[in-house]
Chemist: 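Here it is, the structure, as structure tokens.
This is a predicted model, so every value here is computed, not measured. Chain A is the first sequence line, chain B the second, and so forth, proteins listed ahead of strands; every chain is numbered from 1.
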There are 2 protein chains.
Amino acid sequence: MENIDLVKIFKALSSEQRLNIFKMLYEWNQTTSEVTTDCLCSEEGVEKCFTKTCDCLDLSKSTISHHFKELENAGLINCTRIGQSSVCKINMEAVQAIRDFLK
Amino acid sequence: MENIDLVKIFKALSSEQRLNIFKMLYEWNQTTSEVTTDCLCSEEGVEKCFTKTCDCLDLSKSTISHHFKELENAGLINCTRIGQSSVCKINMEAVQAIRDFLK
DNA sequence: TTTATTGTTTTATAATAATCGAACTTCAAG
DNA sequence: CTTGAAGTTCGATTATTATAAAACAATAAA
């Protein structure tokens, strides 16, 4: 896909708030069942992730939107819209790049 | 040792220059033979790493010193002095924390 | 078609971070 | 003891980032 830039990735994860956001998105993406959680998860990603994140953090919507953009720009997540709601999917290639970092 | 803080670690690696420095230090630390390289390597770490880094990068000594401090503060490296020269060792626990990031 | 919901973009501000030069400290060598 | 080499610390400047409020856009619901 896009070429993976470790500096961008580390920069995206170097803010406490963004690391929190990413961890939440990652966990929500791990959830496979729609039943065991209030998350609507599918292979398309996690629905309503933006609203959920806003509920969990004490930050303004504009700031959170900005952080989502940074994570997206670093290639860590991909976000789309379904209706009014945003659907977010973790980019496992980027995660793998972190895991592979230094052998 | 010190407790590992991923935000600090990612922050330390989120600058292009510091990531370059860390990669160099990491490679030099991988070198086991004193013969095949101009690095003086031992189980104590890599000697003259500061001078070497200064030779490789177009940054002032004070800036590079600052970057070393950041890497050290994040727990990624440990530096000591032997004579006038600095000896640097990678902290593999921190590296492992990166590898383990997200399972 | 009006209104509410869900986000995004723009603009501004305050806080952090990167960088350098100069002064300083330590240690080694002459 | 003086000189030089190797780093560090301090002070200042510039650049980047985090943040929010307000205005905006797109969609769904009434």
Side-chain angles (χ1 to χ4, degrees), chain A residues 5-25 28 38-40 44-74 76-89, chain B residues 5-25 28 38-40 44-74 76-89:
Chain A
D5 179 343
L6 271 182
V7 171
K8 269 192 185 176
I9 288 178
F10 289 140
K11 198 165 285 183
L13 298 176
S14 71
S15 134
E16 185 171 359
Q17 303 287 17
R18 270 198 307 272
L19 187 59
N20 283 337
I21 292 172
F22 182 70
K23 281 185 191 166
M24 287 194 296
L25 295 175
W28 292 337
D38 58 339
C39 299
L40 300 175
E44 307 300 323
V46 177
E47 287 186 38
K48 297 183 185 174
C49 59
F50 185 83
T51 304
K52 284 170 180 295
T53 303
C54 289
D55 289 346
C56 294
L57 298 180
D58 192 25
L59 288 173
S60 73
K61 288 194 301 176
S62 62
T63 298
I64 293 178
S65 179
H66 161 75
H67 286 323
F68 267 72
K69 287 254 165 302
E70 296 262 324
L71 292 171
E72 222 174 344
N73 188 248
L76 282 162
I77 63 175
N78 294 111
C79 290
T80 53
R81 298 289 288 273
I82 293 188
Q84 322 136 289
S85 139
S86 60
V87 178
C88 166
K89 200 162 164 51
Chain B
D5 180 344
L6 272 180
V7 171
K8 267 192 186 175
I9 287 178
F10 289 141
K11 197 166 285 182
L13 298 175
S14 71
S15 136
E16 185 170 1
Q17 303 286 16
R18 270 198 306 271
L19 188 59
N20 283 337
I21 292 172
F22 183 70
K23 281 186 192 165
M24 287 194 296
L25 294 175
W28 291 337
D38 58 341
C39 299
L40 299 175
E44 308 300 323
V46 177
E47 287 185 38
K48 297 183 185 174
C49 58
F50 185 84
T51 304
K52 283 169 181 297
T53 303
C54 289
D55 290 346
C56 293
L57 298 179
D58 192 23
L59 288 173
S60 73
K61 288 194 301 176
S62 61
T63 298
I64 293 177
S65 179
H66 161 76
H67 286 323
F68 267 73
K69 286 254 166 302
E70 296 264 323
L71 292 171
E72 224 176 341
N73 188 249
L76 282 162
I77 63 175
N78 294 110
C79 290
T80 53
R81 297 290 288 275
I82 292 187
Q84 323 135 287
S85 138
S86 59
V87 178
C88 165
K89 199 164 165 53

Chemist: Just call it for A/H66: base, sugar-phosphate, or nothing, with non-hydrogen atoms closer than 4.0 Å on any strand.
Modeler: base
Chemist: Quickly work out the B/K8 NZ to C/dA17 P distance and round it to whole Å.
Modeler: 12 Å
Chemist: For a quick check, with a 4.0 angstrom heavy-atom cut-off, what is the B/S/- contact string for nucleotides 21-27 of chain C, read 5' to 3'?
Modeler: BB----S
Chemist: Rounding to an integer number of Å, can you tell me how far A/F68 CZ sits from C/dT6 C1'?
Modeler: 13 Å
Chemist: Let me know the distance between NZ of B/K48 and P of C/dA28, rounded to the nearest Å.
Modeler: 13 Å
Chemist: Within residues 10-22 of chain B, find the residues that approach DNA chain D with a heavy atom at under 4.0 Å, and present them sorted by residue number.
Modeler: none
Chemist: Could you work out, with ring-ring contact (aromatic ring centres under 6.0 Å, His included) as the rule, every residue matching B/F10, not counting sequence neighbours?
Modeler: A/F10, B/F101
Chemist: Would you say the side-chain atoms of B/T63 pair up with the backbone N or O of B/L59, donor to acceptor, closer than 3.5 Å?
Modeler: no
Chemist: Rounded to the nearest 0.5 Å, how far does NZ of A/K61 lie from OG1 of A/T51?
Modeler: 8.5 Å
Chemist: Which atom pair, heavy atoms only, marks the closest approach of B/K8 to B/A74?
Modeler: O-CB, 3.6 Å
Chemist: Under 4.0 Å from a heavy atom of chain A: give me the 5'-most and 3'-most nucleotides of DNA chain D that qualify.
Modeler: D/dT17 to D/dA28
Chemist: State which residues pass side chain to side chain contact (heavy atoms under 4.5 Å, CB included) with B/S65; sequence neighbours excluded, sorted by chain then number.
Modeler: B/F50
Chemist: Which part of the nucleic acid, if any, lies within contact of A/L59, taking any heavy atom under 4.0 Å across all strands shown: a base, the sugar-phosphate backbone alone, or nothing?
Modeler: sugar-phosphate
Chemist: Between A/S14 and B/K11, is there a donor-acceptor pair closer than 3.5 Å when you use the side chain of the first and the backbone of the second?
Modeler: no
Chemist: How many Å lie between NZ on A/K69 and C1' on C/dT6, as a whole number?
Modeler: 13 Å
Chemist: Rounded to the nearest Å, what distance is computed from the CD atom of residue A/E70 to the P atom of nucleotide C/dT8?
Modeler: 14 Å
Chemist: Using the test side chain to side chain contact (heavy atoms under 4.5 Å, CB included), find all partners of A/E16 that sit at least two apart in sequence or belong to another chain.
Modeler: A/N20, B/V7
Chemist: Mind checking what makes side chain to side chain contact (heavy atoms under 4.5 Å, CB included) contact with B/H66, not counting sequence neighbours?
Modeler: B/R18, B/E70
Chemist: On a heavy-atom basis, which atom in B/V87 and which in B/C49 lie closest, and how many Å separate them?
Modeler: C-SG, 4.2 Å
Chemist: Does B/S62 have any side chain to side chain contact (heavy atoms under 4.5 Å, CB included) partners at least two apart in sequence or in another chain, and if so, which?
Modeler: B/S60
Chemist: Any donor-acceptor pair under 3.5 Å linking the side chain of B/E72 with the backbone of B/C79?
Modeler: yes
